[in-house]
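Working notes, beginning with the structure itself.
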Amino acid sequence: NTGNRIKDAMDLFDILMIIALGTLAGTMIGLLVGFAANRQGYRWSLMTHKEKMINSVLVLFFSAVCIAGLAWYELM
């Protein structure tokens, strides 16, 4: 039966939940790492272009890692 592949795979709710929780956790971790490394200001408008870029990359990286980790956990 093709509907029972990979333990019924993941339905749409599982995928959306993984994306939402991974993005939330990744944003939190990325901002905390940026703040701990003194690469984040208290206001976005007061930060330099380089600091904004570093924070954006940190948030994207940790969001991708969290989403991948949650998806792996769901499939195991």
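What you see is a predicted model, and the numbers here were worked out from it, not measured in a lab. The figures here come from the full heavy-atom set of this structure, side chains too, leaving out hydrogens, waters and symmetry mates.
Heavy-atom minimum distance, Ile29 versus Cys66: CD1-SG, 3.9 Å. The nearest pair of heavy atoms linking Thr27 to Ser63 is N-OG, 3.6 Å. The minimum heavy-atom distance between Trp44 and Ser56, with the atom names listed, is CH2-OG, 4.0 Å. Here the closest heavy-atom approach between residue Leu70 and residue Leu21 is recorded as CD1-CB, 3.9 Å. Scanning all heavy atoms of the two residues, the minimum distance from Lys52 to Met47 falls at CE-O, 3.5 Å.
Linking ILVMFWY side-chain heavy atoms closer than 4.5 Å, directly or via other members, places Ile67 and Leu60 in two distinct hydrophobic clusters.
Each of Val59, Val65, Leu58 was evaluated against Phe61; a single residue qualifies, Val65, per the side chain to side chain contact (heavy atoms under 4.5 Å, CB included) test.
Separating the CZ atom in Phe13 from the CD1 atom in Ile18 is a distance of 10.5 Å, to the nearest 0.5 Å. For the atom pair CG (Leu24) and CD1 (Ile19), the distance works out to 13.5 Å, reported to the nearest 0.5 Å.
Contact check for Lys50 versus Ile54: side-chain heavy atoms found under the 4.5 Å cut-off.
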